[in-house]
Amino acid sequence: MKFSTKSRYALRLMAELARYAPGTTVSLKEISERQNLSLKYLEQIVTPLARVGLVKSERGNQGGYRLTKAPADYTAGEILRAIEGSVAPIPCLGSETNECPMWEQCFTLPFWTGLDEVINQYIDSVTLEQLSSQLPASDKKEGCCSCGTKNA
């Protein structure tokens, strides 16, 4: 399963917000500069996060975005689901009721169900506090992960 760039950047955006004191607003421009991400792209990413109440926007000179709860109270799973919707490995597991006409005969369904459970268990076990603790202390712009790619 591959997660979209939006999901990867949403985790980075949220981790950046988590580095600040509770209630502190941070401009997307500042996050864009710190993470070397497109401001326009961050604007698209923050919308679904705000829609589900994970972040709140504040207007004015000191405006920006802030977390709505403590970083330890967020999971990577809820952030990813706000961006992706379902994170199920196959479409028929992506809704409350399996609407696949072949589900009763599908001998691979238990495998996919097990994989879905493992994915959800893991992403729901990692908190935003844990992710933000991995942020470098400096403002150096480096590659984002072990794949060696530069931040885009």
Gap between atom CG of L49 and atom CG of L13 - 0.5 Å precision
6.0 Å
Would you confirm whether S27, through its side chain, and G64, through its main-chain N or O, come within 3.5 Å as a donor-acceptor pair?
no
Taking Y41 for the side chain and Y9 for the main chain, is one N or O donor matched with an acceptor at less than 3.5 Å?
no
Using modelled atom types only, decide if a donor and an acceptor are shared between the side chain of T24 and the backbone of Y20 within a distance under 3.5 Å.
no
Using modelled atom types only, decide if a donor and an acceptor are shared between the side chain of R12 and the backbone of Q35 within a distance under 3.5 Å.
yes
Test L28 against E43 for side-chain contact (heavy atoms from CB on, under 4.5 Å), laying out the working first.
CA-CA 7 Å; L28 286 183; E43 289 169 352; 3.8 Å; yes
Donor-acceptor pair, D73 side chain versus K69 backbone, under 3.5 Å?
no
Approximate separation, where rounding is to 0.5 Å, of E30 CD and S32 OG:
10.5 Å
Check for a donor-acceptor pair, side chain of E78 on one end and backbone N or O of T75 on the other, with a separation under 3.5 Å.
yes
In this structure, would L80 and V118 fall into the same cluster of hydrophobic residues linked by side-chain contacts under 4.5 Å?
no
Atom pairs and distances, side-chain donor-acceptor, residues 82-94, under 3.5 Å, sequence neighbours left out:
| from | atom 1 | to | atom 2 | distance (Å) |
| --- | --- | --- | --- | --- |
| E84 | OE2 | S4 | N | 3.1 |
| E84 | OE2 | S4 | OG | 2.5 |
| E84 | OE2 | S7 | OG | 2.5 |
| S86 | OG | A88 | N | 3.0 |

Quick one: are T25 and Y65 in side-chain contact, heavy atoms under 4.5 Å?
no
Under 4.5 Å between any side-chain heavy atoms of E16 and L135, yes or no?
yes
Filter on side chain to side chain donor-acceptor pair (under 3.5 Å), then keep only pairs touching residues 52-62, sequence neighbours left out; what's left?
E58-R66
In Å, rounded to the nearest 0.5 Å, how long is the span from CG of L37 to CZ of R8?
10.0 Å
Do side-chain atoms of Y74 reach the backbone of L54 as a donor and acceptor pair under 3.5 angstrom?
yes
Pairing of K29 and E33 as salt bridge, 4.0 angstrom limit:
yes
Anything under 3.5 Å between a donor and an acceptor, one on a side chain of residues 124-134, the other on a protein residue two or more places apart or in another chain? List them.
| from | atom 1 | to | atom 2 | distance (Å) |
| --- | --- | --- | --- | --- |
| D124 | OD1 | R81 | NH1 | 3.0 |
| D124 | OD1 | R81 | NH2 | 3.2 |
| D124 | OD2 | R81 | NH2 | 3.0 |
| S125 | OG | Y122 | O | 2.7 |
| T127 | OG1 | E129 | N | 3.4 |
| T127 | OG1 | Q130 | N | 3.1 |
| T127 | OG1 | Q130 | OE1 | 3.4 |
| Q130 | OE1 | T127 | N | 2.6 |
| S132 | OG | L128 | O | 3.2 |
| S132 | OG | E129 | O | 3.1 |
| S133 | OG | Q130 | O | 2.7 |

Rounded distance [0.5 Å steps], CZ in F3 versus CD1 in I123:
5.0 Å
